[in-house]
Participant: 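I have a structure here, written as structure tokens, and I will follow up with some questions on it.
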Amino acid sequence: MRGTGNEHHPLVTPDGLPAFLAYLSQNGRRVLVPVEKPANKRSVVFEPWQEGKPFTMEKATVPAKEAVLPQCETLVRYKKTKDPDNIERVTMSLDDKPEAQPTVVFACRPCDARGYVVLDRPYLKGPYADPYYKARREQLTVVTLTCGSGCNTCFCHWVGGGPTSPEGSDVLMTEIEGGYVLQAITPRGEELLAASTLAEGAELFPKAEAARKQAWASLTPAPNIKDAPEKVAARFTDTQFWQDQTDRCLSCGACTYFCPTCYCFTITDEGEGLSEKGGRRLRSWDNCMSSLFTREASGHNPRMLKALRMRNRVSHKYSTYPENWGAFSCSGCGRCISNCPVCLDIRAIVLAAIDDGNDDKKSTDK
Amino acid sequence: MRIGVFICHCGSNIAGTVDCAKVAAIARTYPDVVYADDPMYTCAEPGQAAIEAAIHEHKLDGVVVASCSPRMHEPTFRRTVERAGLNRYMLEMANIREHVSWIGKDMEANTNKAAELVQLAVEKLRNNKPLMAKSFDVNKRVLVIGGGVAGIQAALDCADGGVPVVLVEREATIGGKMAKLDKTFPTVDCSACILGPKMVDVAQHSNITLYAYSEVEDISGYVGNFTVKIRKRSTYVDWSLCTGCGACTEKCPAKKTPDAFNELTGTTTAITIAFPQAIPKKAVINPQFCRQLLKGKCGVCAKVCPTGAIKYDMEDEIITEEVGSIVAATGYDLMDWTVYKEYGGGTYPDVITSLQYERLLSASGPTGGHVKRPSDGREPKNIVFVQCVGSRDKSVGRPYCSGFCCMYTAKQAILTKDHIPDSKSFVFYMDIRAPGKMYDEFTRRAMEEYGTEYIRGRVSQIYPDANGQMTVMGVDTLLGQPVEIKADLVVLAVGVEASKGSPQLAEKLRISYDSYGFFMESHVKLKPVETNTAGVYLAGVCQGVKDIPASVAQGSAAAAKVLALFSKDKLESDPQIAQVDIRRCVNCGKCIRCCPFGAIKEVEIRGEGKAQVIETVCQGCGLCTSTCPQGAIQLSHATDNQILAEVNALCQC
Amino acid sequence: MTIFALPCEGTLDMARVNQDLGRYTKIDGVTYDEAGVTITADGKDHRFCMTDYAQGKCYGCTTPSAVLADTLLGQPVKVDGAAGTPPELALLDSMSLDERLAFWRGQMDRCLRCYACRNACPMCVCRDYCVSDSRDPHWMTQEDSAKEKLFFQTIHAMHLAGRCTGCGECQRACPVGIPIMALRQQIARAVAQLFDGYQPGLNPDEVPPLLGYEVVEKNIHERDWK
Amino acid sequence: MPVLNGKELRIVGFLCNWCSYGGADTAGVARATQPTDLRVIRVPCSGRIDPLFIVKALLNGADGVLVSGCHPRDCHYAAGNFYARRRLEVLKQFLPVLGIDERRFEYTWVSASEGQRWQQVVTVFTDRIHKLGPAPQLDDPEPLLKIADMALTSLRSLGTGQKAALAELKEAIKAKLPELDCVIGWQQGYDAAHTVPLFMKTPEDVDKLVWGPFNVNNPAVYLPTFKGKKVGIVVKGCDSRSVVELLQET
């Protein structure tokens, strides 16, 4: 890993942040910053930064996933035109250019950044690269704020990450007294910082490193779940187990739509080629907790039970994805727990799955 | 899809304010439209031929006709496309005449509007599906409710047409109001003499089953297959044994029983036969006055009855009949005229209703046909007739005209002169309504030959004076001066209203009724006999006030409808009905609760409860579709997607 | 079905509780007293008094004890007065029409269409067959516009008209805290006003007002077209 | 097709086939001049009109929506308009909370014979919409965010329910448990400040039952999934109303 020793480590003071954001938003870059929405429930979302628009350095309620995988995107726009001389001759024009613009995600957390890495594998590293995802990903710069501590639902350190993990980030920011110390992680990050006019703060970097150590220290030790892939897979036929784990699940999509690593989608066509709006082929998020996810045209549904759907979600994150890509498809951000209307805790399910009675790994949440 | 669009000029009716050629041109730009034209007269023979030709030539599988209202020509064009081999529901119409060319002069706006209405039709059509009618058996029996002259006529005509008839009459005898009349206008022939034979025919007709002293309890099912529950009220007399000899009525000690048939002008016995020509001529015990039933001691009738027909322990009986069609002929009742306190409100014995007067005039009435006034039995010399008592009077909630009062008042004035040559009749009237054959001549005779004095004006008050006469105060609006007449007897031409219990029956029949309880016909002009419930027809005053000839005519008309319905062995059900997508249905039962026709039932399909539409009962209103939250029940030809397509065509920003 | 019940003294609005707890790594424990709770997080105590931190619905609650129960333990709770305008609705009432439009625009922007509101609703009986994601009928698209999202809220609200008991689960379940209760509350207010104070969920034998009718409606009047 | 600029606004009409559509025809036959804005969608009965059609139209650019059916008592389908009347009235009162001017939606009754009345209705309504002007669209305004004021006073004293007869309740449940498949309640979640639904099948499960201010979930949401099973449920007052409402519907 790069980024230790005596390198360029700019410092941003809190009041210097707007200027820095202004810099980031140069040459048409869209800078997504966490914005706290006025509401009785804490609700922090990523929105394009604008001069004077208030933002926060808080951990967002929603992941920064939308930067590369929008909730809904138009894959193809098509317009039809009729030949006036022969109205049976209809010609169609297609526009399938990905909507992508240079983007900086600012002050997301290491769990968000690791989310991109999880998404990259199926979307870029598989037999086919998804052009839409690719276009956005290639223009994405991730400026991550390391966490000063975990919170009650955080478990990034269980799954190979951590409050200061650089994975997926181009730049790491670490808060210290009086400002944020920046550290380039990738060449793209280096470029970004090099061009900035920020004050040098290399001498403060040790403070940052201390803060990072402190962050790790604040975490409750993680249980060992390295054998989760086999153990979870072994539960596949144990429907009773999944039913016991999911009896209270409401089958809504909160866990998946707020997950930085969930990437399932559905495709629908809307509109009419001959209308002014034209026709649209949409790609929108889909979620495996809904019974529609696997309902077939015939009406047959291999995952009628919510237990089987939960089995799919947990198995995918902790067993099948690791089999395919060698890492969990979970960055431990805990949003699926904090946003679940019935506080379903994936940590508990995983621990229960790997707990076959003869070892002492106990859930940390009870 | 391949859609053809036809923009009708309707001569200049549409083309006058709509640029039809331009509309056709715009239509060509719409999705799936492969052909568009603007013929002069689409509905004319050549116009229809052109549509058929285009369907073949351009292989159309859907047609839009933009012309007059679909309420006018939809059936026409459905037949047209059907002739060309398309399903009749693959047609949509755009109403660019009544809704466009005839209501706006602005050519640009009209043309644009017409084009949009065509677009709606195209978008709807793109979501249409061919629909197939189903056929089902008809039970060729008819139920006639009400044994008045209208019901009798309907029953006899049906029976003569070879259709078994179930005739239900609430009273102990059929004949209805007409049986109470002495004579009938404008011929002054004897009511009993002309109605009697018809009543006898009913009794003797092998095709007619008569349930007198009975009422319809419940009706279920649908056209062709109704199930009717009939309550035979207890008569305490076994009619299978009763010969109608009348021995019981002679001996019955309870002689103070009010005589309903005589409109309470006289009394009768607790066990009684309504009148000599009653059909069926059977005795009935009135439990409110029978000493045996009240106090448990008497039993005279049982002793004297030669056939032992008296059954004091008799109870109501429920009979179930299966029929394919129903004729409602429940007639009328007089409105409660006692609300007219200024006329005594029923407290003066010598102020009576016209129907009571009929009984006084009738030879079979309480006075044997000698006109005697109720108070002292004296023969009245001065008789005042007051018309429109409870007719054309908003103040008592009776704004409508009862139709026949003018005529029978004239008749009664004439009869009075015949009975009492030295009598003098006065008639207070608002207007004289005598629009029938020989009617106006008849009222003139009353005035000119019989010297009846007609005074145009309403009566403001009636009150008795010391020497037992009534003072009738009114105003002569022609002379413009008040009049005051001393009368020995005052006869009120009381207005009519739908017979008691009509709304309740309407609900059993699932037909609608107006605010006065008269049953609603399908169309006030063009479907005066049909109702909106298939297989249910109307005859007589239950549908609206009318006199005897009109009632008889409608009775025959209803019979004709029934016979026409029964001329087919199978009926076709309209396929524009609701359909359940059992995969979506979660059996929440909301549709079942709302359906106005009870056309949805819960069935079990592979262990799961699901809603199911009874195709022959569903009338296609679509209430269920807008009630079902998950859109599992869809009204064919007006599905959510079809209407949404139209909405989206209009609102797409 | 068997219903067990205890008289309820109110529940906490966890949204506001979490706001004030701020960021913490773990809850050490909770201690209760008559009037509230003290949550100890990362060694720090936070006192939450019920009168300040109850759920919005609890303040106007007129049925602290179950309206129907087979086993009802404890004493019935005394309730004085009738419920006022609920907070979310009061907020909307204070706005002009244009402001309300702008308000929903702003709120719906952050909706992720996770449908937690729908699935947490006990009266949503359609379950897996909601029209929000069906093609036939095709009421909605999958677009993420505020319009589509607000239309879904309208679907839910209308489908609950005369049925919604105001339990507030839809709003509580919303991960981004959109005050969607306001829409249900407005309908509940209309239903009460139109149908003589009708409140859903008080009498098992009653017919939901929108599944019935009166020939003459006491509180619905034809408008004149002068 | 675009709305005629300047001239017209987008007004959608839903008319029942039997009365109002006929009334509009009658008006046409009588050459009763009317504004040209209205576009009529023909439906069998006013009862067929799902209020959501109207909301959809208004959200998607309609400036006005007019619904007309048979007069009460005259419904071709006996009662369709009675149901419609209630639903449309509720809708009318609902629209303003969305920020939609309720005057942009109107419903009325016109019979097939009332051509003049129809002309009157269309003229008055179109005029009303023109006075209101084009309808503001949801996407137009700058987002406005406000927070509901939660400083409220309660109708009864609020507390933590620690005196509640939880022990007796547990006994009562245990007593009933043998004849029930499951009893729904609450248990502690991942920490002491979170409770989650609990499904009690054994006496040991019953011991996990908790009662207090953290019991926010409404257990009634699970009842439909237990259709046909013998289920018990522990409720708060508000939850019991959901249970009652569900009972109404089954």
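As the structure is a prediction and not an experimental result, all values here were calculated from the model. Naming: A, B, ... by sequence-line order, numbering from 1 per chain.
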Participant: Would you call C:T154 and D:L52 a side-chain contact if the rule is heavy atoms closer than 4.5 Å?
Facilitator: yes

Participant: Chain C heavy atoms under 4.5 Å from D:F226: which part of the residue, side chain, backbone, both or neither?
Facilitator: neither

Participant: Between D:Q248, D:E249, D:E245, which is the residue that forms a side-chain hydrogen bond (donor to acceptor under 3.5 Å, both in side chains) with C:R163?
Facilitator: D:E249

Participant: Shorter than 4.5 Å, heavy atoms on both sides: which option in D:K236, D:M150, D:R87, D:K230 has the most such pairs with chain C?
Facilitator: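 Of the options given, most contacts go to D:M150.
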
Participant: Select one option (side chain, backbone, both, neither) describing which atoms of C:L12 are under 4.5 Å from chain D's heavy atoms.
Facilitator: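 For C:L12, backbone and side chain are both near chain D.
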
Participant: Ignoring hydrogens, what is the shortest heavy-atom contact between D:A193 and C:I39? Give both atom names and the distance.
Facilitator: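 Looks like CB-CD1, 4.1 Å.
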
Participant: With a 4.5 angstrom heavy-atom cut-off, could you sort out which part of C:P179 is near chain D: side chain, backbone, both or neither?
Facilitator: neither

Participant: Side chains of D:S157 and C:E9: does their closest heavy-atom pair fall under 4.5 Å?
Facilitator: no

Participant: Does D:K146 make a cation-pi contact with C:F103 (under 6.0 Å, within 45 degrees of the axis)?
Facilitator: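 Verdict for C:F103: no cation-pi partner in D:K146.
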
Participant: Contact part of D:N217 toward chain C, heavy-atom cut-off under 4.5 Å: side chain, backbone, both or neither?
Facilitator: both

Participant: At a heavy-atom separation under 4.5 Å, does C:N203 approach chain D through its side chain, its backbone, both, or neither?
Facilitator: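 Backbone of C:N203 only, per the 4.5 Å heavy-atom cut-off to chain D.
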
Participant: Taking C-beta and beyond as the side chain, do C:W139 and D:F53 meet within less than 4.5 Å on heavy atoms?
Facilitator: yes

Participant: Which atoms of C:E34 come close to chain D, meaning under 4.5 Å heavy atom to heavy atom: side chain ones, backbone ones, both, or neither?
Facilitator: both

Participant: Between D:N215 and C:T11, what is the shortest heavy-atom contact and its length?
Facilitator: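 Scanning both residues, the minimum pair turns out to be O-CG2, 3.5 Å.
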
Participant: Could you tell me which of C:Q107, C:K26, C:E88 has the largest number of non-hydrogen atom pairs under 4.5 Å with chain D?
Facilitator: C:Q107

Participant: What part of D:E168 gets within 4.5 angstrom of chain C, counting heavy atoms only: side chain, backbone, both, or neither?
Facilitator: both

Participant: Return yes if some donor-acceptor pair links the side-chain N/O of C:T165 with the main-chain N/O of D:R241 below 3.5 Å, else return no.
Facilitator: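 A pair under 3.5 Å: no.
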
Participant: Considering only heavy atoms and a distance below 4.5 Å, find which of D:T225, D:V216, D:V234 pairs most often with chain C.
Facilitator: D:V216

Participant: Is it the side chain or the backbone of D:P96 that comes within 4.5 Å of chain C heavy atoms, both, or neither?
Facilitator: both

Participant: What heavy-atom pair brings D:V90 and C:F195 nearest, and what distance separates the two atoms?
Facilitator: CG2-CE1, 4.3 Å

Participant: Measuring heavy-atom distances to chain D, does C:A82 have an atom under 4.5 Å in its side chain, in its backbone, in both, or in neither?
Facilitator: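 Answer is backbone: N, CA, C or O of C:A82 sit under 4.5 Å from chain D.
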
Participant: Please tell me whether C:E222 and D:T108 have a donor and an acceptor in their side chains that are separated by less than 3.5 angstrom.
Facilitator: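 Yes, side-chain donor-acceptor contact under 3.5 Å.
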
Participant: Picking from D:D140, D:I173, D:L91, which has the most non-hydrogen pairs under 4.5 angstrom with chain C?
Facilitator: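 That would be D:I173.
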
Participant: What part of C:P7 gets closer than 4.5 Å to chain D, counting heavy atoms only: side chain, backbone, both or neither?
Facilitator: backbone

Participant: Measure distances from D:I184 to the heavy atoms of chain C and classify the residue's part below 4.5 Å as side chain, backbone, both or neither.
Facilitator: neither

Participant: Can you tell which part of D:T153 gets under 4.5 Å to a heavy atom of chain C, answering side chain, backbone, both or neither?
Facilitator: backbone

Participant: Relative to chain C, which segment of D:D101 carries a heavy atom at a distance below 4.5 Å: side chain, backbone, both, or neither?
Facilitator: both

Participant: What part of D:L180 lies closer than 4.5 angstrom to a heavy atom of chain C: side chain, backbone, both or neither?
Facilitator: side chain

Participant: So what's closer than 4.5 Å to chain D heavy atoms on C:L73: side chain, backbone, both or neither?
Facilitator: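 Contact with chain D is through the side chain of C:L73 alone.
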
Participant: Measure distances from C:K57 to the heavy atoms of chain D and classify the residue's part below 4.5 Å as side chain, backbone, both or neither.
Facilitator: side chain

Participant: Heavy atoms only, distances under 4.5 angstrom: which of D:S242, D:C238, D:A164, D:A220 has the most pairs with chain C? Name it, please.
Facilitator: D:S242

Participant: May I ask you to name which of C:P64, C:C167, C:A120, C:C124 has the most heavy-atom pairs under 4.5 Å with chain D?
Facilitator: C:P64

Participant: With distance as the sole test, does D:T160 use its side chain to make a donor-acceptor pair with the main-chain N or O of C:D33 at under 3.5 Å?
Facilitator: yes

Participant: Can you label the angle between the C:Y32 ring and the D:F214 ring as parallel, tilted or perpendicular, going by 30° and 60°?
Facilitator: perpendicular

Participant: Where do D:R86 and C:G212 come nearest, in terms of heavy atoms and distance?
Facilitator: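 Reported closest heavy-atom pair: CD-O, 3.3 Å.
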
Participant: Please classify the contact between C:A41 and chain D as side chain, backbone, both or neither, with a heavy-atom cut-off of under 4.5 Å.
Facilitator: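 For C:A41, there is no contact with chain D at all, as no heavy atom is under 4.5 Å.
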
Participant: Where does C:E214 contact chain D at under 4.5 Å (heavy atoms): side chain, backbone, both or neither?
Facilitator: both

Participant: Any side-chain donor-acceptor pair under 3.5 Å between D:Q93 and C:Q193?
Facilitator: yes

Participant: Is there a salt bridge (charged side-chain N to carboxylate O under 4.0 Å, His left out) between C:R223 and D:E89 once you walk through the steps?
Facilitator: CA-CA 11 Å; C:R223 293 146 187 86; D:E89 185 65 31; 2.9 Å; yes

Participant: Report, as yes or no, whether the 6.0 Å neighbourhood of atom CD on D:E179 holds more than 12 heavy atoms from other residues, nucleotides or ligands.
Facilitator: yes

Participant: What part of C:V77 gets closer than 4.5 Å to chain D, counting heavy atoms only: side chain, backbone, both or neither?
Facilitator: side chain

Participant: If you take all heavy atoms of C:T51 and D:L158, which pair is closest and at what distance?
Facilitator: CA-CD1, 4.1 Å

Participant: Does the side chain of D:V221 reach to within under 4.5 Å of the side chain of C:C121, using non-hydrogen atoms?
Facilitator: no

Participant: Hey, does D:S240 have a side-chain heavy atom less than 4.5 Å from the side chain of C:L68?
Facilitator: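 Result no, sub-4.5 Å side-chain heavy-atom pair not found.
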
Participant: Identify which part of D:R85 has an atom lying under 4.5 Å from any heavy atom of chain C, answering side chain, backbone, both or neither.
Facilitator: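 Both backbone and side chain.
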
Participant: Chain D heavy atoms under 4.5 Å from C:R110: which part of the residue, side chain, backbone, both or neither?
Facilitator: side chain

Participant: Is there side-chain contact between C:F151 and D:N60, with at least one heavy-atom pair below 4.5 Å?
Facilitator: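 C:F151 does not reach D:N60 side chain to side chain.
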
Participant: With only heavy atoms counted, which part of D:K163 is less than 4.5 Å from chain C, the side chain, the backbone, both or neither?
Facilitator: side chain

Participant: Tell me, out of D:V55, D:L247, D:L138, D:D149, who's got the most heavy-atom pairs with chain C below 4.5 Å.
Facilitator: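 The residue among D:V55, D:L247, D:L138, D:D149 with the greatest pair count is D:L138.
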
Participant: Heavy-atom cut-off 4.5 Å, strictly under: side chain, backbone, both or neither for D:V243 against chain C?
Facilitator: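 The answer is the side chain of D:V243.
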
Participant: Measuring heavy-atom distances to chain D, does C:L72 have an atom under 4.5 Å in its side chain, in its backbone, in both, or in neither?
Facilitator: neither

Participant: Check whether C:E99 gets within reach of chain D through its side chain, its backbone, both or neither, counting any heavy atom under 4.5 Å.
Facilitator: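 For C:E99, heavy atoms of backbone and side chain both lie under 4.5 Å from chain D.
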
Participant: Do the side chains of C:T62 and D:L155 get nearer than 4.5 Å, heavy atoms only?
Facilitator: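 When only atoms from C-beta onward are counted, C:T62 and D:L155 do touch, with a gap below 4.5 Å.
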
Participant: Determine the option with the most heavy-atom pairs under 4.5 angstrom with chain D, choosing from C:D70, C:D93, C:I187, C:T71.
Facilitator: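 It is C:I187.
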
Participant: Compare all side-chain heavy atoms of D:L246 with those of C:M123 and state whether any distance is below 4.5 angstrom.
Facilitator: yes

Participant: For atom CZ of D:R128, is the number of surrounding heavy atoms from other residues, nucleotides or ligands below 6.0 Å larger than 12?
Facilitator: yes

Participant: Identify the two heavy atoms, one from C:K78 and one from D:R156, that lie closest to each other, and give their separation to 0.1 Å.
Facilitator: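 For C:K78 and D:R156, the tightest heavy-atom pair comes out as O-CB, 3.2 Å.
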
Participant: Using a cut-off of under 4.5 Å for heavy-atom pairs, which of D:G159, D:P141, D:P143 has the most such pairs with chain C?
Facilitator: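 Most heavy-atom pairs within the cutoff with chain C belong to D:G159.
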
